[in-house]
Amino acid sequence: MSTPTKRIPDAAVVESNLRLLELLSQTFGNTSAAATEIINLEAILNLPKGTEHFVADIHGEHEAFSHILRNASGNIRRVVTELFGTSMREDAIRQLCSLIYYPANKLQHIRNSEKDMDNFYHITLHQLVRILQRVSSKYTRSKVRKALPKEFAYIIEELLHEAPSGMNKELYYSRIVETIITTGQAPEFIVAICNVIQRLSIDRLHILGDIYDRGPGAHLILDTLLNYRDYDIQWGNHDAVWMGAAAGNVCCIANVLRMSLRYDNMATLEDGYGINLVPLAAFAMDVYGDDPCKIFEPKIPKDETESGIKNRRLTAQMHKAISVIQFKLEAALIAKHPEWGMEDRNLLHLMDTAKGTVRIDGVDYQMLDSNFPTVDPADPYRLTDSEAELVEKLVHSFLVSDKLKRHISIFFSHGCMYTVWNSNLMFHASMPLNEDGSLREVCIRGRNFKGKELLHHVGSMMRSAFNTDTPAEDREYAVDYYWYLWCGPESPLFDKAKMATFERYFLTDKDVQAEKKGHYYRLREDPKICDYILDAFDVKGEHRHIINGHVPVKVGKGESPVKADGRLMVIDGGFSKAYHKTTGIAGYTLVFHSRGLELVQHVPFTTAEDAVHNGTDILGSTQIVEMNTQRMRVRDTDIGRELQGQIDELMQLLYAYRTGLIKERK
């Protein structure tokens with residue numbers, strides 16, 4: 001290890017920073033305090049880099065997401081195997097891991113079969129302490145202490161830092177464990193220490209968008225994040241449409257309802273946010289009571305019981321009702337904003353319901369459904385009185401949902417359109433590009449934006465929709481723009497020529513259903529294009545990457561998530577069960593630890609109950625993407641550079657104290 005070079009601050013720099021240093025002296029009032037902090041920060045810089053986890057397109061699969069947090073994408077299993085692989089059988093390792101993942105439920109399950117719980121507690125506590133020692137070894141005592149539950153913090157610290165093999169404290173250590181058991185605290189202590197192992201196994205979590213839609217538990221994922229720490233979110237188009245719905249955008253509300261009904265996912269709406277769907281159900285039964293609505297049946301396995309059939313039909317009727325309303329509402333918003341150039345999305349006036357056809361680009365296509373009782377051929381985009389009343393009730397239901405507001409606030413407090421973290425540029429979907437690969441200018445209210453400036457402006461505008469201080473006209477446009485972000489052709493969250501919702505419901509022709517992607521999706525395979533984008537975002541570092549989600553990687557057909565000679569990674573591996581057939585897997589986690597990058601490929605998750613009872617896990621394959629010749633330290637990270645800046649300022653403060661420029665405090 002090289003000897004640190006002594007840095008002597010430049011006198012002129014110190015004098016120019018005296019005002020800052022005076023403020024700093026209020027915290028570090030004398031030479032001793034400043035020197036102590038420098039020693040502490042220098043030590044931190046030499047710790048191994050913390051482990052980052054990247055996930056994308058969770059789409060409401062809360063059980064799979066929760067399990068990946070609990071098992072740290074397989075990292076906890078790896079640690080347990082390294083520690084006990086030669087002394088424990090495979091089944092015992094699996095059961096110990098299951099205990100760490102679901103401690104309270106697993107303990108209850110164990111009590112039903114274990115005859116000597118005290119012996120179990122004794123063995124397990126020693127095992128868990130060893131595991132915690134391993135996963136906490138790359139952190140300072142201060143950081144570990146902050147992760148500990150208050151009621152057991154002192155005891156866990158003592159166990160962590162006192163080796164049982166030491167003669168002087170062997171009895172001391174053993175007595176702590178025995179007393180935990182004899183006082184009846186073992187179950188609570190085991191739960192606490194397992195939770196700490198989980199927390200310390202992931203240093204930072206990056207979520208690359210699309211928490212919402214398809215799966216049943218987006219609200220449960222966000223409940224988890226309410227109590228999580230050290231994470232960021234890059235907004236996806238499915239997140240944006242829910243954010244728009246929370247802001248009162250009627251088109252976003254209609255799309256949210258349609259998507260939920262399409263996947264029979266009413267739990268998030270009703271149980272999660274208290275959205276009242278009774279008016280929609282009543283309207284659908286009244287208008288479409290005699291309509292089988294076959295093409296609107298939800299995309300889930302059929303329940304052939306009598307109640308299942310009834311529920312499925314009602315869901316299909318509600319699905320069709322809100323879809324027709326959506327087409328009408330979108331036409332009004334398109335007319336309000338002709339600058340968006342989305343008139344081709346208005347198709348109701350091109351239908352001939354008598355013939356059962358629709359004319360698109362001069363071609364007549366046979367429709368799978370031509371029953372539109374609420375569409376007036378003379379004025380096809382006018383809402384009926386009943387539809388207008390229903391929309392008003394639905395908007396009210398979204399606007400008064402306090403829990404929805406709370407969850408949307410997470411996106412603003414922990415999220416943005418893009419993030420640069422440790423030489424990784426993260427955004428959900430796309431970077432609008434011209435055909436030649438140059439950054440494309442996108443016009444927003446008469447001003448052109450591209451690249452970093454575009455994402456920053458869009459992010460600021462999205463925030464302004466929820467800011468009561470925003471001028472009314474600007475706020476109204478911001479609320480409207482959420483729908484454009486969901487499906488607009490130049491939206492960086494979408495970047496396709498169209499969202500072919502109507503065509504995919506009513507037509508069978510694959511060509512007319514096609515959603516032509518923007519140039520980015522083709523050009524991102526080119527290393528030079530990726531370098532150009534990384535330069536445009538001022539991403540530094542020898543090993544730098546773009547990380548995206550949004551487009552599922554078709555692993556089963558041989559597609560690789562690693563592109564452009566390793567400069568870009570697409571980590572949408574299909575968490576959503578609806579995508580398992582498309583991707584051939586059940587999601588990715590990109591893991592960035594001190595030795596490099598690994599891509600963990602997941603197999604489908606069963607249930608948490610199965611994990612508790614049978615010790616099942618999400619065990620997929622791991623692909624090494626990039627390995628470093630030297631282990632990365634904190635000093636090599638963004639946080640390390642911030643800490644180095646603090647050290648430099650403290651060194652200047654020391655100089656100011658020693659030269660009398662600033663007087664020391666007692």
Side-chain angles (χ1 to χ4, degrees), residues 52 54 56 204 206-210 232-237 239-240 415-464 481 484-485 488-497 516-551 561-572 590 592 597 625-626 636-642:
E52 301 170 57
F54 304 75
R204 188 169 187 89
H206 306 286
I207 303 175
L208 277 81
D210 281 1
D232 49 73
I233 304 171
Q234 291 70 56
W235 303 329
N237 59 321
D239 305 320
C416 54
M417 286 289 291
Y418 75 96
T419 298
V420 177
W421 192 275
N422 291 336
S423 300
N424 293 309
L425 169 60
M426 295 169 274
F427 52 88
H428 173 69
S430 174
M431 182 58 54
L433 299 176
N434 295 311
E435 190 172 3
D436 64 357
S438 59
L439 292 169
R440 182 170 183 169
E441 291 189 335
V442 176
C443 184
I444 302 175
R445 302 187 77 185
R447 292 178 58 194
N448 289 336
F449 302 91
K450 62 181 180 179
K452 184 177 181 180
E453 187 184 16
L454 169 65
L455 297 194
H456 179 73
H457 181 76
V458 168
S460 297
M461 186 166 57
M462 292 171 75
R463 293 177 187 278
S464 72
Y481 202 75
Y484 185 86
L485 286 169
E490 291 187 326
S491 163
L493 298 182
F494 183 64
D495 195 16
K496 297 178 185 177
K516 185 180 178 181
K517 298 176 183 176
H519 299 300
Y520 173 78
Y521 297 105
R522 171 179 56 86
L523 295 171
R524 67 183 182 179
E525 302 274 358
D526 186 341
K528 293 180 181 178
I529 295 296
C530 290
D531 282 334
Y532 167 67
I533 294 171
L534 288 163
D535 288 340
F537 278 79
D538 301 315
V539 181
K540 309 296 183 184
E542 181 183 356
H543 301 286
R544 55 185 191 162
H545 314 91
I546 297 172
I547 306 175
N548 294 156
H550 188 60
V551 179
V562 182
K563 305 177 186 297
D565 294 340
R567 288 170 175 79
L568 183 141
M569 280 157 278
V570 182
I571 59 170
D572 180 1
L590 181 66
F592 184 18
L597 282 160
V625 178
E626 188 176 278
D636 303 314
T637 67
D638 292 342
I639 290 176
R641 283 179 274 278
E642 290 179 16

Between Phe494 and His550, how do the two ring planes meet: parallel, tilted or perpendicular, split at 30° and 60°?
perpendicular

Could you tell me the separation between the CD atom of Gln234 and the CE atom of Met417, rounded to the nearest 0.5 Å?
10.5 Å

For the residue pair Ile444 and Leu454, establish whether any side-chain heavy-atom pair is separated by less than 4.5 Å.
yes

Look only at the side chain of Asp232 and the backbone of His206, and say whether a donor-acceptor pair between them is shorter than 3.5 Å.
no

Looking at Lys528 and Asp531, is any side-chain nitrogen of the basic one under 4.0 Å from a carboxylate oxygen of the acidic one?
no

Heavy-atom side-chain contact between Met426 and Thr419 under 4.5 Å:
yes

Kindly compute the distance separating OG1 (Thr637) from CH2 (Trp421), expressed to the nearest 0.5 Å.
8.5 Å

Between Arg544 (side chain only) and Val539 (backbone N and O only), is there a donor and an acceptor less than 3.5 Å apart?
yes

Could you give me the CA-CA distance, side-chain angles and deciding distance for Lys517 and Val551, then say whether side chain to side chain contact (heavy atoms under 4.5 Å, CB included) is met?
CA-CA 10 Å; Lys517 298 176 183 176; Val551 179; 3.6 Å; yes

Got a donor-acceptor contact below 3.5 angstrom from the Tyr532 side chain to the Leu439 backbone?
yes

When rounded to the nearest 0.5 angstrom, what distance separates SG in Cys416 from CZ in Arg463?
7.0 Å

Show the nearest heavy-atom pair for residues Cys443 and Glu490, with the distance to one decimal.
N-OE1, 4.5 Å

Heavy-atom side-chain contact between Leu485 and Asn237 under 4.5 Å:
no

Could you give the distance from CG (Leu425) to CG (Asn422), rounded to the nearest 0.5 Å?
13.0 Å

Looking only at non-hydrogen atoms, find the nearest pair between Pro489 and Ala497 and report the distance.
CB-O, 3.9 Å

Determine the minimum heavy-atom distance between Leu493 and Ala240, stating which atoms define it.
CD1-CB, 3.8 Å

Take Glu435 and Arg522 through the test side chain to side chain contact (heavy atoms under 4.5 Å, CB included) and record every step on the way to the result.
CA-CA 10 Å; Glu435 190 172 3; Arg522 171 179 56 86; 4.0 Å; yes

Test side chain to side chain contact (heavy atoms under 4.5 Å, CB included) on Lys452 and Tyr418; report intermediate values, then the result.
CA-CA 9 Å; Lys452 184 177 181 180; Tyr418 75 96; 3.2 Å; yes

Which pair of heavy atoms, one from Ala429 and one from Asn548, lies closest together, and at what distance?
O-OD1, 3.8 Å

Any non-hydrogen side-chain atom of Asn424 less than 4.5 Å from a side-chain atom of Phe54?
yes

Would you give the length of the straight line joining atom CD1 of Ile529 to atom CD1 of Ile546, rounded to the nearest 0.5 angstrom?
9.5 Å

Please confirm whether the backbone N or O of Leu208 pairs with a side-chain atom of His428, one donor and one acceptor, at under 3.5 Å?
yes

Grab the two heavy atoms, one from Tyr520 and one from Met431, that are nearest each other, plus how far apart they are.
CB-O, 3.3 Å

If every non-hydrogen atom of His543 is compared with every non-hydrogen atom of Ser423, which pair is closest and at what distance?
O-CB, 3.5 Å

Could you give me the CA-CA distance, side-chain angles and deciding distance for Phe592 and Leu597, then say whether side chain to side chain contact (heavy atoms under 4.5 Å, CB included) is met?
CA-CA 5 Å; Phe592 184 18; Leu597 282 160; 3.5 Å; yes

Could Glu52 and Arg204 be called an ion pair, given the rule that one side-chain N must be under 4.0 Å from one carboxylate O?
no

Any donor-acceptor pair under 3.5 Å linking the side chain of Asn434 with the backbone of Asp436?
no

